[in-house]
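If you're wondering where the values come from, they're calculated on a predicted model, not measured in any experiment.
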Amino acid sequence: MPKQVDHLGRRRLIAEAVCHLADEHGLEGVTLRDVAARAQVSMGAVQRCFRTKEEMLVFALGHIGERITERVQARLVGSPAQSAGTTLGHAAAEVSLLRGEHRAEARVWLAFVAQAAVSEALAEPLRANYAAVQEMFTRLVAEAAEDTGSAGHLDPVRAARTLLALADGLTAHVLIGHLTAEEAHDILHAHLVGLWQRPAEMSRPASGTPGRRSGR
C-alpha cells in the first residue's frame, strides 16, 4: 500500500521551520529552500503543501496564533474557580508573551505584524485573531465588572480594546529592551487594578500608601 502522508502534520512541521527561520533572520530571510532544509523535507514536499510563499506565511501566522490561543484557553479551563478579573490578568499576560520561554515567539509575532502592514494576506488573519482576543477580553471585563461592582462606569468593549493594545505594546517594549518583563508585568497589573476603581477612587492614594508629610 502507498505510504499515507499526514498533510496537516507536515504543514505544521513546515510552519515550525518558518518560525525558526523568522526568529533567526526575519521574514525576509525565509525562503522555500531554507524552509525545506530546516524542516528536513524536499522542496517538492513544501510546494505540495503550499502553492506560494505567501500561503505558507499565512499558515505559519495562524499556527502561532493557535499556540497562543491554546495557552490562554488552558488558563481559562485549568483555573475555573478563579475570579473573572484574575483570569483576565492571566489571559492578558499570555497574550503579551512576556515570559522568557516565549521571547522567540514574540520576535516572530512582531515580524509578522510588521509584514502585515504591507501585506493584506497577512493583515486579514491578524485582524481576525485580534478580534477573537478582544471578544474574550470583553466578556471577561464584563464579568469582572459585575463581580467588583464597577459595571456602571466601565465600557467593556473600550476596556478590552485598550487592554489588547497595551498587551501588544508591552510585547514590543520588552523585546527591544525598553522595559524588563517584570516592569511590563507591573504596568499590566496596575492597569487591571485601575479598571475596577470608580472615577472618584482613582484620585485617592492607594490603601496603605503613606501620605506626603509636611515640611519635606
Side-chain angles (χ1 to χ4, degrees), residues 64-103 105-107 109-110 112-113 116 123 125-214 216:
I64 298 174
E66 285 177 5
R67 285 202 313 228
I68 297 171
T69 300
E70 286 171 1
R71 289 200 300 268
V72 172
Q73 291 298 329
R75 284 276 196 172
L76 301 181
V77 174
S79 305
Q82 289 181 344
S83 69
T86 300
T87 302
L88 177 66
H90 289 323
E94 289 290 351
V95 171
S96 299
L97 301 173
L98 298 180
R99 290 202 296 238
E101 63 265 33
H102 298 151
R103 202 57 48 82
E105 198 171 66
R107 286 192 292 268
W109 180 260
L110 289 186
F112 273 110
V113 171
L126 266 177
R127 288 194 295 269
N129 181 277
Y130 281 133
V133 174
Q134 181 181 306
E135 182 179 353
M136 177 187 62
F137 280 3
T138 300
R139 175 174 56 81
L140 290 172
V141 168
E143 292 176 9
E146 290 292 338
D147 293 343
T148 58
S150 53
H153 75 271
L154 190 62
D155 179 348
V157 174
R158 177 179 292 180
R161 286 174 177 165
T162 302
L163 179 58
L164 179 55
L166 174 63
D168 223 32
L170 290 175
T171 305
H173 282 252
V174 170
L175 204 57
I176 66 173
H178 176 65
L179 295 172
T180 66
E182 292 74 18
E183 289 169 337
H185 274 296
D186 287 344
I187 291 170
L188 191 58
H189 176 71
H191 175 77
L192 288 167
V193 169
L195 281 179
W196 322 126
Q197 294 179 336
R198 296 177 182 274
E201 293 174 341
M202 296 177 68
S203 61
R204 302 176 193 164
S207 176
T209 302
R212 181 179 296 175
R213 297 181 179 177
S214 59
R216 293 190 66 182

Arg139 bridged to Glu135 by N-O distance under 4.0 Å | no
Okay, side chain of Glu146, backbone of Glu143: is any donor-acceptor separation there less than 3.5 Å?
-> no
Between Ala167 and Val95, what is the shortest heavy-atom contact and its length?
-> CB-CG1, 4.3 Å
Measuring from Gln73:CD to Ile68:CD1, what's the distance to the nearest 0.5 Å?
-> 13.0 Å
Spell out, as yes or no, whether a donor-acceptor pair under 3.5 Å connects the side chain of Thr171 to the backbone of Ser96.
-> yes
Verdict with supporting geometry, Glu105 and Arg71, salt bridge (charged side-chain N to carboxylate O under 4.0 Å, His left out) | CA-CA 13 Å; Glu105 198 171 66; Arg71 289 200 300 268; 2.5 Å; yes
In Å and rounded to the nearest 0.5 Å, what is the NE2 to CG distance from His191 to Asp186?
-> 14.5 Å
What's the shortest heavy-atom distance between Val113 and Leu126, and which atoms?
-> CA-CD1, 3.8 Å
For Leu140 and Ala84, which heavy atoms make the closest approach, and how far apart are they?
-> O-CB, 3.8 Å
Just how far is it from atom CG of Leu154 to atom OG1 of Thr148, taken to the nearest 0.5 Å?
-> 7.5 Å
How far apart are the closest heavy atoms of Ala91 and Phe137, and which atoms are they?
-> CB-CE1, 4.0 Å
Between Leu179 and Glu183, the two heavy atoms sitting closest are CA-OE1, 3.4 Å
Inter-residue atom distance Gln134.CD - Asn129.CG, 0.5 Å rounding = 11.5 Å
Sidechain N-carboxylate O distance under 4.0 Å for Arg67, Glu94 = no
Would you check if the side chain of Arg103 reaches a backbone N or O of Leu98 as a donor-acceptor pair within less than 3.5 Å?
-> yes
From Ile187 atom CD1 to Leu192 atom CG, the distance as rounded to the nearest 0.5 Å = 12.0 Å
Considering non-hydrogen atoms only, spot the tightest contact between Gly85 and Trp196 and give its length.
-> CA-CZ2, 4.3 Å
What's the verdict on side chain to side chain contact (heavy atoms under 4.5 Å, CB included) for Leu163 and Leu88, showing C-alpha distance, side-chain angles and the deciding distance?
-> CA-CA 10 Å; Leu163 179 58; Leu88 177 66; 3.6 Å; yes
Rounding to 0.5 Å, atoms CG (Leu164) and CG (Asp168) come to a distance of 6.0 Å
Can you tell me if His153 uses its side chain to pair, donor with acceptor, with the backbone of Ser150 under 3.5 Å?
-> yes
